[in-house]
Every structure is written in structure tokens, then in C-alpha cells.
There are 2 protein chains.
Amino acid sequence: MNKEKEDRRVIYTKMFLRESLLELMKNKPIGKITPTELCRHANINRNTFYSHYDSPEALLGSIEEELYERIKHSLEQTLKTGNIPKFLSEICQAIYMNGDLCKTILSDYGDKAFLKRILDLAHDKSISAWKASGISEDMERLELLYAFSTAGSIAVIEKWIQDGMKLSPEEIAVFIGKMLQNSARNLKSK
Amino acid sequence: MNKEKEDRRVIYTKMFLRESLLELMKNKPIGKITPTELCRHANINRNTFYSHYDSPEALLGSIEEELYERIKHSLEQTLKTGNIPKFLSEICQAIYMNGDLCKTILSDYGDKAFLKRILDLAHDKSISAWKASGISEDMERLELLYAFSTAGSIAVIEKWIQDGMKLSPEEIAVFIGKMLQNSARNLKSK
DNA sequence: TAAATAATCAACAACCAGTTCGATAATTTT
DNA sequence: AAAATTATCGAACTGGTTGTTGATTATTTA
């Protein structure tokens, strides 16, 4: 990434903007947050904001990108092995570790597509694993199964976060694992 | 509902506004559609729009409400029986029947919550059916199971629509039925 | 045809979006 | 420490949207 050390002023500015945006996102979706509003809250000149980002959406994008890369990196090893249950477990763990940030980004007003992007890291592995285990040869069915599985998993994770992450990451991962196992098996026993 | 027959002008005005909104929603989410833009497209005075609706969101709300009531009504009988597979099948059928409208409302730029609202008509029936079959007594688990099931079902339906509704409503319903089948069993064999 | 209702038009003040400018302050380099 | 660089700021400006007003015109209904 960008290794050139940034001016201290820039670092502070971006920090204030990031925190303000996440704060505002607790009350309204990103699309309803204006640059003016954001800058007022962050006590940053609107001009300064524009010299760093094109829009609040772009700022959110950069926040998400950083989180995405962080999580992706932590999943790298497991991803290679194709061990889906472990993959899910580590995702839950990573979310748990980045609790504050995830609570906002994955909330009602957050970005519904973010978590999907992460699960999609294992899209190909999932499909080929199902194919190998003889669940189906029909690509369309497998994609439907994948759509069902990921959406269901995301919903469970979101509900988990929404309810205050009372269960442990491991418990949630085990639960999702059971759900997935069942869906796949049902498709097979046609 | 409001049975007073409306002025013909009012009917036309609302018709133009509805069609324009659905047209614009093919290209951008509701939150990004301004009253000005909508009225220009519909060739309706902005003032007239405000005399009927508070915002584009409110207009969409009224469109959705009408569709919701229509679908809800067609599900009434089945809902009483608690026959979930038939319930799902009829939902798919209803979506198929209202294809044009659903394509927009349930698209990427549409309202993610709409379909959930319909499925939620069977929330209590689902939970109590699971409870009766002894899957679990733990309410939290049951709610997680419900979250997983509905989100997965919605994803499959949305993908079905997105891919052009090539499969028949019945085929999709059967597929979803399989996914949901025995989601219990796994949870049970804890 | 007259009365009631609806749509239109024009104009309003308040706000936001981006952009430019020059002044000021902080930081880095020499 | 002084000079050069860079970031922030405040102000101003154009062009746009918002939601509301009151007056006017067209349509419907009685």
C-alpha cells in the first residue's frame, strides 16, 4: 500500500473524519450523510475533506477496504486449505476482534454487501467442494445453493452482532456450519 | 381502503408518478432519486407531487403497500393452514404474476426489506412448528434458524428474478423447500 | 352552468455541492 | 533555526434542490 509516511495533520484529519462518519452512520445510511454534515461534526473544513475524498461514500469505501484487507489477510492460510468450517470460524473471530467497527459497518445502516464480499472469497472453493462430493452437477443449482448458504450465513452473523455478540464466535460458527451441512445434504438427496 | 373514487386527474397524476419512479429505480436506488428529478420525468408539477406524497420514499411506500396487501390477501387461506411449503410456492407464484413490478422492487436498487416482510407473515407459524417438532426449546436458536432460513430463501428468490425467472415458480419453491427441509434435524442432533 | 376541486405557475428563503482564492498555520527539509 | 513545503482554513461564488406560499387556470361534479 501507500508506504510514504503521511503528514501528522493528514493523519489527524482522516482520523476525525473516519470517526465522525462511523458516528453518523449509527443514525442514518451513508447515502443520507452530506459532506457538510460530516465536516461540521468532525470539525474539519469542508475544503479539507474534498482534498482527501470525493464523497462520504468514498471515505466509507476506504474504511471498508482497510478492514477487508485485514480480514482477508488473516484468512489467507485457511483459504488455501479449503476448510470451509474453519474459514467461517475465523471470519466470526475476526468480526469479534473488530467489534466496534463491524457493529457499524454491518448494522442496518451499514453496507449489506461488505460481508458478502468476504464470504465470496470462498466462492470457488465452496462450489468445487460441493461438486466433488457429488451434490450436483448442475451449475445453476449449485449457484442457487451458494446464494442460499451465504445469505443465510450473513443473516445469522448480522443477527448475532445486532443482539450484542452474546454467543462466542465459535458457537456462531458451529451453528452456521450445521445449517450449511443440512442445506447441502438436502440438495443431494433428491 | 380508500373507496372514494378519485378524481380522474388525480388518478392520472399518480399513475405517471408511479411509473416514472419505477423507471428511475432501474438506474438508481430510491434514496438518490430527488422529487425534482421524478417530477421532470413524469411531467408533473413538483407542487402537485408534494400535494400527494411527502417524498419519493413515501410514494414507493404506497406502491409497496398495495403490492403487499395484494400478496398478503392471496396468501390468507394457506397461512391459516400453516403449510409452509405451499406458502412459499404461492409467494413465488404471486411474484411471477406481478413480474414487472417485482423485478424493480426486488432488484438491486429495490427494497431489500420488502420480501422479508412477506415471509415474516409466517414467522410465528414457522417458529411454533419447529418448536412442536421438538427441534429446540431455545428461543434464541430458533430465531437464528429463522433468520438463516428466510435470508436464504430471499436470496434464492432474488437470484431467480435477477436471472430472468427462467425456472418456474414451482421449481423455485421446490428448491427452497429442499433447502429448508429438516434444517431442524441438524440443530436437533446437537 | 355554477360550485368545488385539482393542477399549475411563479416566487420564495433556506440549504447543499463543488470549486477557487488567498491567508494562516503546522510540518518537514536544508 | 530559517526556508520551503504542505495542510488547513475561511470566504465567496455558481448552480442546484428543497419545501412552502399564494394566485391562477383547468377540470370535474352536482
Side-chain angles (χ1 to χ4, degrees), chain A residues 1-66 104 109-111, chain B residues 1-66 104 109-111:
Chain A
M1 294 290 103
N2 202 350
K3 260 298 174 188
E4 306 166 34
K5 55 184 173 185
E6 275 182 316
D7 195 306
R8 206 158 107 206
R9 289 167 292 180
V10 175
I11 294 172
Y12 281 132
T13 295
K14 291 189 171 178
M15 194 181 77
F16 288 136
L17 286 173
R18 272 198 300 270
E19 288 186 359
S20 285
L21 184 67
L22 293 175
E23 186 69 27
L24 292 176
M25 281 181 67
K26 288 178 183 169
N27 296 316
K28 56 170 79 173
I30 181 73
K32 294 282 179 192
I33 298 173
T34 66
T36 300
E37 184 184 10
L38 172 62
C39 292
R40 260 206 283 268
H41 187 280
N43 242 302
I44 297 291
N45 191 283
R46 197 159 51 92
N47 220 328
T48 305
F49 167 75
Y50 279 118
S51 72
H52 290 298
Y53 306 98
D54 285 344
S55 62
E57 280 88 351
L59 168 55
L60 175 60
S62 82
I63 296 172
E64 285 183 344
E65 202 53 31
E66 195 185 313
T104 303
Y109 290 142
D111 178 0
Chain B
M1 293 292 103
N2 202 351
K3 263 295 175 191
E4 308 165 31
K5 55 184 170 185
E6 276 183 316
D7 193 304
R8 207 155 109 204
R9 291 167 292 181
V10 175
I11 293 173
Y12 282 136
T13 295
K14 289 189 173 179
M15 195 181 76
F16 288 138
L17 286 173
R18 272 199 300 269
E19 287 185 1
S20 286
L21 184 68
L22 293 174
E23 186 68 26
L24 292 175
M25 280 181 66
K26 288 178 182 167
N27 295 315
K28 56 171 77 175
I30 181 73
K32 294 283 180 190
I33 297 173
T34 66
T36 300
E37 185 183 8
L38 172 63
C39 292
R40 261 205 283 267
H41 188 279
N43 243 304
I44 296 292
N45 192 283
R46 194 161 54 88
N47 221 327
T48 306
F49 167 76
Y50 279 117
S51 72
H52 290 298
Y53 306 99
D54 284 344
S55 62
E57 279 89 351
L59 167 55
L60 175 61
S62 84
I63 296 173
E64 286 184 342
E65 202 53 32
E66 195 185 314
T104 303
Y109 290 143
D111 179 359

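None of the values given here were measured: they were computed from a predicted structure. By convention in this document, chain letters (A, B, ...) are assigned in the order of the sequence lines, proteins followed by strands, and residues within each chain are numbered from 1.
Counting to the nearest Å, the C1' atom of C/dC16 and the NZ atom of B/Lys32 are 13 Å from each other. The nearest whole Å value for the distance from the CG atom in A/Leu17 to the C1' atom in D/dC9 is 14 Å. Put simply, CE on A/Met15 is 16 Å from C1' on D/dA7, counting in whole angstrom units. If you take OH of A/Tyr50 and P of C/dC16, they are 11 Å apart, rounded to a whole angstrom. Distance, A/Glu37 CD to C/dA17 P: 9 Å, rounded to whole Å. Put simply, OH on A/Tyr12 is 16 Å from C1' on C/dA25, counting in whole angstrom units. Rounded to an integer number of Å, the gap from CZ of B/Arg46 to P of C/dA11 is 14 Å.
For the pair B/Arg40 and D/dT17, the criterion of a side-chain N or O lying under 4.0 Å from OP1 or OP2 is met.
Using a 4.0 Å cut-off between a side-chain N of Lys or Arg and a carboxylate O of Asp or Glu, B/Arg18 and B/Glu23 do not qualify as a salt bridge. Salt bridge annotation for A/Glu37-A/Arg46: absent, with no cationic side-chain nitrogen under 4.0 angstrom from a carboxylate oxygen. Ion pairing between a basic and an acidic side chain is recognised when a charged N comes within 4.0 Å of a carboxylate O; A/Glu6 and A/Lys14 show such pairing.
Contact detail for B/Ile30 and B/Leu21: the closest heavy-atom pair is CD1-CD1, 3.8 Å.
A donor-acceptor pair under 3.5 Å is formed between the side chain of A/Ser51 and the backbone N or O of A/Thr48. The backbone N or O of A/Leu59 lies less than 3.5 Å from a partner atom in the side chain of A/Ser62, making a donor-acceptor pair.
Within a 6.0 Å sphere centred on CG of B/Asn45, other residues, nucleotides and ligands contribute more than 12 heavy atoms.
At its two ends the helix from C/dT1-D/dA30 to C/dT30-D/dA1 runs along axes set 30° apart, each axis drawn from five pairs and the angle rounded to 10°.
Taking the six-membered ring for Trp and thresholds of 30 and 60 degrees, B/Phe16 and B/Tyr12 have nearly parallel ring planes, at less than 30 degrees apart.
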Open item on the list: For nucleotides 3-10 of chain C, give me one character per nucleotide, 5' to 3': B if any protein heavy atom sits under 4.0 Å from the base, S if the only such contacts are to the sugar-phosphate, - if neither.
Closed with: --BBSBBB
